[in-house]
Amino acid sequence: MADIVLTTLNAKYIHAAFGLRYLLANMGDLRERSELAEYDINQRPLEIVEKLLAQNPQIIGFGIYIWNTRETEAVIEMIRRLAPEITIVLGGPEVSHDTAGQSIVELADYVITGEADLKFAAVCRAILTDDPTLAKISPAELPALADLALPYSLYSDDDLTNRVIYVEASRGCPFTCEFCLSSLEIPVRQIPLDRFLEAMDDLLKRGARQFKFVDRTFNLNLRVSEAILRFFHERYFPELFLHFEMIPDRLPAKLRELISLFPAGALQFEVGIQTFDDAVSVNISRKQDYDKLADNFHFLRSETGVHIHADLIVGLPGESLDTFGDGFDRLVAMRPQEIQIGILKRLKGTPIVRHDDEYGMIYSPQPPFEILRNREMDFALLQRMRRFARYWDLVGNSGNFPESVRKIWSGERSAFGSFLEFSDWLYEKSNRRHGIALIQLAEFVFEFLTGPVGLPSSEVAPAILQDYQRNGRNDVPVFLRPHVDVSEKERAGRSKNGLPKRQARHQSA
Ligand code: B12
Ligand code: SF4
């Protein structure tokens with residue numbers, strides 16, 4: 001039971017709602033009357049309504065994001081009918097821009113736009129005292145981060161073991177990439193470093209192992225990034241894992257030095273590149289130094305064990321299939337472990353809309369508002385690129401095909417052109433993007449490499465088998481049996497006691 005319930009539907013169970021924890025930590029005198037209740041978008045709205053009503057709240061605050069608008073709307077519609085006396089307050093990025101007129105906003109009593117860490121408690125106080133001056137939509141003044149209570153003690157022990165732990169040393173971004181919501185949050189503000197590190201120390205003592213920094217650009221304030229890396233390096237232990245979002249062209253010597261102290265697998269950098277085309281970069285107001293970027297990638301791949309997750313976007317204004325393909329090839333040559341291909345989304349409030357007429361930008365009206373067509377890429381081509389992105393995830397990023405994937409573009413062939421050919425071929429064969437079992441996928445890769453690519457099965461089969469068996473499997477799939485020496489391969493995959501090698505290792509541990 002609680003008078004005020006703070007809730008949201010996370011994208012998946014493993015993602016904890018960090019923003020809500022900030023709100024709860026800053027409820028002040030209302031803290032005792034408030035509770036957090038998290039759900040995820042895969043739960044049934046009826047079940048969520050039942051649980052929320054069981055808390056008998058006077059006020060429910062919902063965190064609204066691009067991934068949960070539709071599902072949350074279904075929840076609110078039912079609450080409105082079952083318990084119209086409950087006051088509903090909305091906040092979060094999806095209702096912070098183009099607020100008026102949204103159907104979810106019509107259903108709510110109040111909306112707070114922007115960073116509501118302090119404003120939510122103020123609005124609740126006004127609601128509980130029937131303040132007649134309270135407007136339906138209240139913009140939150142930017143809170144001074146030094147005034148905020150930090151939320152980290154609100155991660156439960158269960159969160160620490162089962163969920164992604166988000167942390168934040170700064171807010172805001174000084175860059176102006178037009179597709180990104182953070183480009184609107186220009187002033188970059190730091191959480192006082194000593195308090196932040198103290199909180200990290202507590203989390204470590206409580207058993208946190210993996211930290212995902214949500215700072216828009218971790219390597220912006222080098223004094224702070226160095227202090228944070230040094231702090232974690234001094235406390236390093238084998239399961240520690242730190243994820244940071246970085247700008248790719250800023251890695252001075254001191255930072256490099258610190259980064260290279262971490263063992264392989266401890267650091268992951270999410271590096272937004274988005275485009276390699278100069279004209280497109282200008283269109284989206286993103287400045288990048290591609291030479292520095294290449295040099296930094298070279299350093300990270302050759303002298304550190306950092307896992308690089310690099311992002312490109314399909315569908316930016318002015319980006320054609322050729323320019324995107326050239327960029328993809330450049331990126332493949334830099335050897336990041338993962339390349340995430342995102343499809344452009346029109347996020348509410350972002351200035352990318354200024355290109356709508358000139359570049360014929362047509363977006364889906366449904367969340368996540370992805371581009372359907374533009375001047376350079378028609379609908380059919382964007383559909384092909386959606387499949388490319390999906391299949392790239394399955395084959396290129398998944399880590400399931402390290403030996404065989406590069407054979408798709410062996411020799412002088414363009415990685416992009418070859419993988420696009422594979423993607424078109426795979427769609428024709430399978431007629432689906434989802435639900436392809438790993439063994440089926442392995443067979444498709446085998447068929448493509450020995451068919452359209454024309455490689456001999458004597459070269460392809462061992463590579464596919466090695467990929468297939470690398471996670472401890474020891475059987476030889478039926479489609480490979482005619483091409484490999486089955487008895488030798490199955491024996492090689494077994495330990496002395498006859499169990500698959502991986503299983504045997506676990507038994508003796
Ligand atoms: C963690 C995260 C995710 C997680 C999900 C987290 C979860 N809980 O489920 C994952 C990785 C799955 C994810 C995915 C995506 N994300 Co994301 N993500 C973030 C990220 C990095 C951190 C969020 C956070 O904790 N911020 C820190 C807290 C303090 O801020 P906050 O959450 O905004 O909360 C404040 C306010 O919004 C408000 N508030 C929040 N809740 C409430 C509730 C009430 C009642 C009130 C009054 C106020 C309020 O007050 C809070 C405190 O100031 C943000 C970027 C960022 N750094 O914020 C992007 C961000 C939220 N994501 C974004 C996008 C676009 C996506 C994707 C579409 C990206 C993609 N793949 O193309 C996907 C969609 C997923 C899907 N399934 O469809 C956009 C949001 C767009 C939107 N309108 O919602 C953001 C802002 C990134 C950006 N700069 O453009 N994301
Ligand atoms: S894409 Fe990255 S660098 Fe650009 S505005 Fe968004 S957070 Fe900042």
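Atoms within each ligand, like the ligands themselves, are counted from 1 in listed order. Only heavy atoms go into these numbers, but all of them, side chains included; no hydrogens, no water, no symmetry mates.
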*Does a side-chain heavy-atom distance below 4.5 Å link Asp157 with Thr161?*
no
*So is Arg216 close enough to ligand 1, meaning a heavy atom under 4.0 angstrom away?*
yes
_Heavy atoms only, cut-off 4.0 Å: how does Arg286 contact ligand 2, side chain, backbone, both, or neither?_
side chain
*Does ligand 1 have any atom sitting under 4.0 Å from a heavy atom of Pro143?*
no
*asked:* Tell me whether Gly114 reaches ligand 1 (any heavy atom closer than 4.0 angstrom to a ligand atom).
replied: yes
*Evaluate whether atom CD of Glu50 has more than 12 neighbouring non-hydrogen atoms of other residues, nucleotides or ligands under 6.0 angstrom away.*
no
_Tell me whether the NZ or CZ atom of Arg384 lies within the 45° cone about the ring axis of Phe324 and under 6.0 Å from its centre._
no
_Show the atoms of ligand 1 that are less than 4.0 angstrom away from any heavy atom in Glu115._
53 (O)
*Is Lys119 touching ligand 1 with its side chain, its backbone, both, or neither, if touching means heavy atoms under 4.0 Å apart?*
neither
*Does some side-chain heavy atom of Met361 sit less than 4.5 Å from a side-chain heavy atom of Leu344?*
yes
*Going by the ring-ring contact (aromatic ring centres under 6.0 Å, His included) test, name the single residue among Phe232, Tyr152, Phe244 that passes it with Phe211.*
Phe232
*asked:* Suppose we measure from atom 8 (Fe) of ligand 2 to each protein heavy atom; which comes out shortest, and what is that distance?
replied: Cys173 SG, 2.3 Å
*If hydrogens are left out, which of Tyr166, Tyr65, Phe369, Phe213 has an atom nearest to atom 4 (C) of ligand 1, that is, the closest non-hydrogen atom?*
Tyr166
_Subset of ligand 1 atoms that lie under 4.0 Å from at least one heavy atom of Gly61_ = 45 (C)
_Just to be sure I'm reading this right: ignoring hydrogens, which of Ala121, Cys180, Gly172, Gly92 gets closest to atom 37 (O) of ligand 1? Compare them by their nearest heavy atoms._
Gly92
*Look only at interatomic distance and state if Leu347 has a nitrogen or oxygen under 3.5 Å from any nitrogen or oxygen of ligand 1.*
no
*Could you check Arg33, Arg125, Arg31 and say which one makes a salt bridge (charged side-chain N to carboxylate O under 4.0 Å, His left out) with Asp3?*
Arg33
*Is Arg80 atom CZ crowded by more than 12 heavy atoms from other residues, nucleotides or ligands, each under 6.0 Å away?*
yes
*Looking only at heavy atoms, is any part of Val214 under 4.0 Å from ligand 1, and if so is it the side chain, the backbone, or both, or is it neither?*
both
_Residue part near ligand 1, for Asp215, under 4.0 Å between non-hydrogen atoms_ = neither
*Please state which part of Ser96 comes within less than 4.0 Å of ligand 1, counting heavy atoms only: side chain, backbone, both or neither.*
neither
*Pull out every atom of ligand 1 sitting under 4.0 Å from any heavy atom of Phe62, numbered as shown with elements.*
43 (C), 44 (C), 45 (C)
*asked:* Looking at non-hydrogen atoms alone, which of Trp67, Phe120, Phe179 comes nearest to atom 75 (C) of ligand 1?
replied: Trp67
*Parallel, tilted or perpendicular: which fits the ring planes of Tyr166 and Phe18, with parallel below 30° and perpendicular above 60°?*
tilted
*For Thr323 and Asp326, does a side-chain donor sit closer than 3.5 Å to a side-chain acceptor?*
no
_Looking at Arg373, I want to see if its CZ is surrounded by more than 12 non-hydrogen atoms of other residues, nucleotides or ligands under 6.0 Å._
no
*Do Phe416 and Phe388 have ring centroids that are under 6.0 Å from one another?*
yes
*Check each of Gly63, Ser183, Ser138 against atom 42 (C) of ligand 1 and report the one with the nearest heavy atom.*
Gly63
*In ligand 1, which numbered atoms sit nearer than 4.0 Å to a non-hydrogen atom of Asp117?*
52 (C), 53 (O)
_One residue to check: Ile112. Relative to ligand 1, which of side chain, backbone, both or neither has a non-hydrogen atom less than 4.0 Å away?_
side chain
*For Gly19, counting its heavy atoms only, list the atoms of ligand 1 lying under 4.0 Å from any of them.*
28 (C), 29 (C), 34 (O)
*Show the numbers, then the answer: is there a salt bridge (charged side-chain N to carboxylate O under 4.0 Å, His left out) between Glu47 and Lys51?*
CA-CA 6 Å; Glu47 182 195 325; Lys51 291 190 166 149; 3.5 Å; yes
*Can you establish whether the number of heavy atoms outside Lys136 located under 6.0 Å from its atom NZ is more than 12?*
yes
*State the atoms of ligand 1, each with its element, that fall below the 4.0 Å cut-off from a heavy-atom position in Lys345.*
68 (C), 70 (C), 72 (O)
*Does Gly342 come within less than 4.0 Å of ligand 1, judged by its heavy atoms?*
no
*Which is it for Cys177 and ligand 2 at heavy atoms under 4.0 Å: side chain, backbone, both or neither?*
both
_Passing option when Arg390 is tested against Arg433, Met385, Arg432 for side-chain contact (heavy atoms from CB on, under 4.5 Å)_ = Arg433
_Below a 4.0 angstrom heavy-atom separation, can you tell me which part of Leu23, side chain or backbone, both or neither, approaches ligand 1?_
side chain
*Output yes if Cys180 passes the N/O/S-under-2.8 Å test against atom 4 (Fe) of ligand 2; output no otherwise.*
no
